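The structure is given below, and queries will be raised subsequently.
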Number of protein chains: 2
Amino acid sequence: MSNKKVSIYDIADYLGIASSTVSRALNDHARISEKTKEEVRRVAKVLGFEKNHLATGLITNQSLTIGVVVPAVNRNFFASAITGIEKIASENGYTVLICQSHDLYDREVELFDTLIANRVDGIIVSLAINTEQFDHFRKARDTGIPLVFFDRVCDEIEDTFKIVVKDFEGAYLGTSHLAEQGFKRIAHIAGYQSQKIFRDRLAGYKQALLDANLPYDEKLVKYCQLTTEDGTGIAEELLQHPPGPDAFFCANNLTAISAMAYALNHHIKVPQEMGIVGFSEETVSSLLKPSVTSVRQPCEEMGTLAAQKLLEEINQEPAGQLDFKEIALSTELIVRESSTPH
Amino acid sequence: MSNKKVSIYDIADYLGIASSTVSRALNDHARISEKTKEEVRRVAKVLGFEKNHLATGLITNQSLTIGVVVPAVNRNFFASAITGIEKIASENGYTVLICQSHDLYDREVELFDTLIANRVDGIIVSLAINTEQFDHFRKARDTGIPLVFFDRVCDEIEDTFKIVVKDFEGAYLGTSHLAEQGFKRIAHIAGYQSQKIFRDRLAGYKQALLDANLPYDEKLVKYCQLTTEDGTGIAEELLQHPPGPDAFFCANNLTAISAMAYALNHHIKVPQEMGIVGFSEETVSSLLKPSVTSVRQPCEEMGTLAAQKLLEEINQEPAGQLDFKEIALSTELIVRESSTPH
DNA sequence: TAATTTATTGCAATCGATTGCATTATATTG
DNA sequence: CAATATAATGCAATCGATTGCAATAAATTA
């Protein structure tokens, strides 16, 4: 290990000045002469100085790091949201610690402990699918760490920002569209109802059926974790015994894609014999054959907004009351081939 | 801000003992009585103590954090690799800082500075596509931070572990397969040749043509950044003017999918009139219609291996010589519909 | 009981950067 | 030139956990 570590003391010794002067010079403090600043910067470069954030964080009580906890990064939605978060963070000199809960409650709790121990300045989180206890959130807040929820939010915790989309509206749009296209027996691949977003999507689906004068058949609604396997399995289950559905409105896009794949593999024509609409876009939604109609969420915007709100809370000056609230962004239906037989 | 911060001093005061005793108790030090340990742990819990990693890191000179720099997390390959890295890291008490270079050299350099400033104990990196200068890697190593490259590695830096797949072999497999299936004019959507992996894939492609007695036509090889747009664009370019190719061997899977989408949209039948093989799997490869033949890489294994090697280097006891080398894992051809007309 | 081990615990310095206050150098004014 | 204002720099404490060494308490032995 050529573990060289150059500190401000080395620079100070080199120049025969005080470390405090070096510190101020590096931080461009107003009370240090321009001449000294230049010399310090020069020597810092020569010696290969790298500021130690740990030391800074220890004394300033902030790490300039924000934690992000999402179920998984390999989903387009979360990856895009993270991109948005990173953008805002790096613009403001913050580093982002990205963690995956893999949709496991226990892992989520662990991650929170780690983040707190690492003294992140704030946490942005989208709940694991089976998170139904919230003490880890409370603990973070008690420790003084601001929290922002996005997508899968936690209603039991108040006084935090929550960034969501209008899930009801999105589901309503998607389902209505299928109804308009003439589909009569629209199934819904739903997420577990412990999550508000999935309750809302189910509600939007129901309302759309109602408004289209279609009967609501609870046998056509299946609850699952929304994996690709779930999509295939549910499609198989529903299509085996007639009368099956003639369309699927799916609570995410993975299940839309996999349900469609199942149909196509069993010689069911999409969209002629089977309509498909998914919630949230994947990169490939437009590339599939047929391309998949989807409710588009402003993923990246949700990320930037979440980060902005978090930084707002972190840096709030008089520790005054922020206007915490749920911010619901609009969705947009991207109509493609999978739902338009005509 | 109810910014409570409980330190070991608070525990010490509460119990009327020394902070050093508290520290040792919490670390389960052998020279502290079991009775004291229990009391300390109890009080720590009561007071809501959270160890401050910054302080620990400052004095032990290690942060128990490793940095990961990848082009983007929304690609299946990188997401899976990260999952592997996280697994090993968390098993060993390490936290992972995930960063996206977005395939930009400048961003990659910036990220390295941030990681160094945050005193990560090591860095795992897959190069941005246009990284052709390597001073940031050298700087990290000079600072004593171990480095492991994976996938897109840097040959100019020696004495580091490099985890790759047998790119030549994979490309050879994929291309030979197309030849065996009777395709004669096999195009190659290639990555920029500044990256070794793309040079190797091109080489494997060429060798396969040679061994199949097919002519090598440089007009059928197109270099790009391998985005979906690139795939579509190149497919369009090559297919407009006959004689176009009758198959595509693509250096990644996104371009395979988008090239296939272009073909299907222009009423070219896949695989009857056009064969497609991609490198590296995406989640949807098997779900597409037709499903996409791909060279499978052991993504997660690459991640675990990279993390293991990194930790090995971080924790090497006598700072002895490690047997640095490039480790090349095998690939596997997953044959699906897009390449098998018969 | 005194002497010697051994088991526990405490003291105090340390990591590196920050910052309020004191001090010195320089500039301005009467 | 003395007196005051202003600019520039230094001193020293601080953040919280760790750790070598010293000190004390408890246990063992002579």
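As a basis for the values below, the full set of heavy atoms in this structure was taken, side chains included, without hydrogen atoms, waters or symmetry mates. Proteins get letters first, then strands, A, B, ... in listed order; numbering begins at 1 in each. Because the structure is predicted, anything quoted here is derived from the model rather than measured.
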| How long is the line joining CD1 of B:Ile11 and C1' of C:dT9, in whole Å? |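 My rounded result for the distance is 16 Å.
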
| task | Let me know the distance between CD1 of B:Ile8 and C1' of C:dG10, rounded to the nearest Å. | result |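 That distance rounds to 13 Å.
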
| message | Does C:dT18 have OP1 or OP2 under 4.0 Å away from a side-chain N or O of A:Lys51? | response |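 Result: yes.
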
| task | Mind calculating the distance between CD (B:Glu50) and P (D:dG16) to the nearest angstrom? | result |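 To the nearest whole Å, that distance equals 14 Å.
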
| said: Using the ring centroid of each side chain, check whether B:Phe137 and B:Phe149 are separated by less than 6.0 Å. | reply: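 Ring-ring flag for B:Phe137/B:Phe149: true, centres closer than 6.0 Å.
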
| query | CG of B:Leu54 versus C1' of D:dC15: gap in Å, rounded? | reply |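 So the CG-C1' distance, B:Leu54 to D:dC15, works out to 10 Å.
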
| request: Figure out the CG/C1' separation between B:Asn52 and C:dA17, and round it to whole Å. | output: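 To the nearest whole Å, that distance equals 14 Å.
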
| request: Could you state the atom-to-atom distance from CD of A:Gln62 to P of C:dG16 in whole Å? | output: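 In whole Å, C:dG16 P lies 21 Å from A:Gln62 CD.
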
| message | Under 4.0 Å, counting only non-hydrogen atoms across every strand here, what does A:Ser23 touch: a base, just sugar-phosphate, or nothing? | response |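 If one applies the 4.0 Å heavy-atom cut-off, A:Ser23 turns out to touch a base.
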
| query | How would you list, by chain and number, every residue that makes a side-chain hydrogen bond (donor to acceptor under 3.5 Å, both in side chains) with B:Gln195, sequence neighbours excluded? | reply |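 In terms of side-chain hydrogen bond (donor to acceptor under 3.5 Å, both in side chains), with neighbours along the sequence ignored, B:Gln195 is linked to no residue.
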
| said: Tell me every residue that passes salt bridge (charged side-chain N to carboxylate O under 4.0 Å, His left out) with A:Glu38, counting only those two or more places apart in sequence or in another chain. | reply: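 Per chain and number, A:Glu38 pairs via salt bridge (charged side-chain N to carboxylate O under 4.0 Å, His left out) with no residue.
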
| query | B:Asn27 side chain N/O closer than 4.0 Å to the phosphate oxygens (OP1, OP2) of D:dT18? | reply |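 Yes, within the criterion.
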
| request: Round to the nearest Å and state the distance from A:Leu64 atom CG to C:dA17 atom P. | output: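 So the two atoms are 15 Å apart, to the nearest Å.
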
| task | Take nucleotides 5-14 of chain D nucleotide by nucleotide from the 5' end and write B, S or -, depending on whether a protein heavy atom sits under 4.0 Å from the base, only from the sugar-phosphate, or from neither. | result | ---BBBBB-B

| task | Please collect all side chain to side chain donor-acceptor pair (under 3.5 Å) contacts where either partner lies in residues 14-27 of chain B, sequence neighbours excluded, each pair once. | result |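 Side chain to side chain donor-acceptor pair (under 3.5 Å) check on residues 14-27 of chain B returns B:Asn27-B:Lys51.
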
Table please: side-chain donor-acceptor pairs of residues 40-49 of chain A below 3.5 Å, with sequence neighbours left out.
unit_1, atom_1, unit_2, atom_2, d
A:Arg41, NH2, A:Glu34, OE2, 3.2

| task | Could you pull out all residues at least two apart from B:Arg152 that satisfy side-chain hydrogen bond (donor to acceptor under 3.5 Å, both in side chains)? | result |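 B:Asp103.
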
| said: What is the distance, to the nearest angstrom, from the CG atom on A:Asn61 to the C1' atom on C:dT19? | reply: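 So the two atoms are 15 Å apart, to the nearest Å.
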
